[in-house]
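Every chain is numbered from 1, with letters handed out A, B, ... down the list of sequences.
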Amino acid sequence: MTIAEIVDILDAKVLSGEELLARDVHSACGSDLMSDVLAFVKDQSVLVTGLTNAQAVRTAEMMDIICIVLVRGKIADSGMIELAKDRSVAVLQTQHSMFAACGLLYERGLRGGGKSHAKKS
Amino acid sequence: MQKNLRLHYDISGDDYTRAGEASAQLKQVLRQLGLSSSIIRKVAIAMYEGEINMVIHANGGTIDVEIDSACISLVLRDTGPGISEIDLAMKEGYSTASENVRSMGFGAGMGLPNMRKHSDYMKLESTPGVGTTVHMKISIGEE
């Protein structure tokens with residue numbers, strides 16, 4: 001799916017990265033804890049989180065994650081958006097909760113990656 | 001690839017929003033050197049966690065990087081409070097970070113274990129009241 005489809009599925013607002021909307025994303029992770037993302041995530045391209053500071057973007061940058069979805073309508077720090085624009089990371093904001101946002105994306109085919117989360121045909 | 005490239009980074013301890021900038025810069029250098037994305041990610045994660053630790057616990061420090069044809073060596077030095085119980089600090093989930101740090105997505109006791117997990121060699125030396133030095137190596141040979 002593309003980032004534009006995520007915007008559509010989650011009825012999200014694009015806070016940064018309009019130019020990235022056509023990019024394909026293949027898997028996602030959901031966490032507020034960046035150390036868990038750094039420890040356990042492999043080859044995900046979307047981070048669903050409630051963390052609204054620059055470190056969410058830094059973590060994305062380290063992990064080659066190209067899209068951050070802020071849940072529960074959380075307001076991003078100004079530093080976060082500034083950094084995201086500079087580093088070409090799309091930041092979306094949805095009113096859905098973390099659970100609902102992950103569920104909606106999963107329902108539409110986005111997976112967590114790894115064998116245990118493989119999409120069943 | 002250039003041989004024995006040496007890089008030095010000064011890590012400021014007073015600006016949490018800038019924590020990770022040095023790691024991002026190194027990641028860019030490694031990308032320009034044409035290293036594989038999995039190696040680059042290992043280095044980026046190991047250094048980023050170390051950089052965050054320096055900012056959270058030690059009011060900053062320095063990171064020296066040496067890249068040769070076989071591996072990337074990182075030496076992270078700080079003059080912070082030091083770690084009195086290294087074995088305990090290396091355990092997943094053990095943390096002395098403040099609530100403020102936790103609210104920023106870190107401080108869950110995963111930093112040092114993450115550094116060990118993503119490096120091929122790690123040695124931590126620390127003297128309470130003097131500071132901490134972490135040596136890490138990541139091989140860039142055959143994966």
Side-chain angles (χ1 to χ4, degrees), chain A residues 15-16 23-27 29-66 68-72 74-89 91 98 113-114, chain B residues 11-12 15-28 30-31 35-56 89-95 97 99-119 138:
Chain A
L15 303 182
S16 81
R23 291 275 299 271
D24 269 316
V25 292
H26 301 286
S27 58
C29 60
S31 181
D32 287 350
L33 192 54
M34 296 303 104
S35 279
D36 272 356
V37 176
L38 293 165
F40 304 116
V41 168
K42 283 192 176 133
D43 296 322
Q44 266 77 359
S45 36
V46 180
L47 168 63
V48 184
T49 186
L51 192 70
T52 57
N53 64 34
Q55 294 311 326
V57 180
R58 297 278 187 207
T59 301
E61 190 178 10
M62 300 306 155
M63 304 300 288
D64 303 314
I65 288 169
I66 60 168
I68 298 171
V69 178
L70 300 180
V71 295
R72 302 190 296 280
K74 287 199 152 203
I75 310 293
D77 290 3
S78 59
M80 179 189 190
I81 298 303
E82 205 174 305
L83 188 64
K85 285 179 176 164
D86 187 56
R87 304 305 155 94
S88 293
V89 174
V91 179
M98 167 86 87
Chain B
I11 310 302
S12 166
D15 187 356
Y16 188 81
T17 62
R18 285 192 60 78
E21 188 59 38
S23 304
Q25 285 176 19
L26 178 65
K27 193 176 179 203
Q28 191 60 35
L30 299 181
R31 201 177 279 145
L35 295 175
S36 75
S37 58
S38 61
I39 297 289
I40 293 173
R41 196 180 299 173
K42 279 172 73 173
V43 175
I45 293 169
M47 179 161 155
Y48 179 47
E49 286 281 20
E51 200 179 339
I52 289 282
N53 270 351
M54 278 182 173
V55 176
I56 290 173
M90 290 301 297
K91 283 181 74 170
E92 286 188 12
Y94 178 79
S95 176
E99 276 306 311
N100 187 37
V101 167
R102 289 167 201 258
S103 73
M104 291 189 276
F106 287 92
M110 293 301 294
L112 288 170
N114 262 356
M115 290 159 71
R116 182 172 54 191
K117 180 179 175 181
H118 291 97
S119 58
I138 290 105

Would you call [X] and [Y] a side-chain contact if the rule is heavy atoms closer than 4.5 Å?
X         : Y        : answer
Met63(A)  : Tyr48(B) : no
Gln55(A)  : Ile52(B) : yes
Met110(B) : Leu38(A) : no

Closest heavy-atom pair and its distance - [X], [Y]:
X         : Y        : answer
Asn114(B) : Ala39(A) : OD1-CB, 2.8 Å
Gly20(B)  : Met62(A) : O-CE, 3.5 Å
Gly111(B) : Ser35(A) : N-OG, 4.4 Å
Lys27(B)  : Asp64(A) : NZ-OD1, 2.6 Å

query: Does a sphere of radius 6.0 Å around NZ in Lys85(A) hold more than 12 heavy atoms from other residues, nucleotides or ligands, not counting ones at 6.0 Å or beyond?
result: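 It does not: Lys85(A) NZ has 12 such atoms or fewer within range.
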- prompt: Has Arg87(A) got more than 12 heavy atoms of other residues, nucleotides or ligands less than 6.0 Å from its CZ?
  reply: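 Yes - once you tally the heavy atoms of other residues, nucleotides and ligands closer than 6.0 Å, there are more than 12.
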Side chain, backbone, both or neither: which part of [X] has a non-hydrogen atom closer than 4.5 Å to chain B?
X        : answer
Thr59(A) : both
Leu33(A) : both
Asp32(A) : backbone

message: As an exercise: rank Val37(A), Val57(A), Leu51(A) by heavy-atom pairs under 4.5 Å with chain B and give me the winner.
response: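 Top option by heavy-atom pairs under 4.5 Å: Leu51(A).
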task: Identify whether the distance between the nearest side-chain nitrogen and carboxylate oxygen of Glu82(A) and Arg18(B) falls below 4.0 Å.
output: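 No.
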query: Between atom CZ of Arg58(A) and atom CD of Glu51(B), what is the distance when rounded to the nearest 0.5 Å?
result: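 Here the rounded value is 7.5 Å.
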- request: Go through the atoms of Arg31(B) and report whether side chain, backbone, both or neither lie under 4.5 Å from a heavy atom of chain A.
  value: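 Side chain only.
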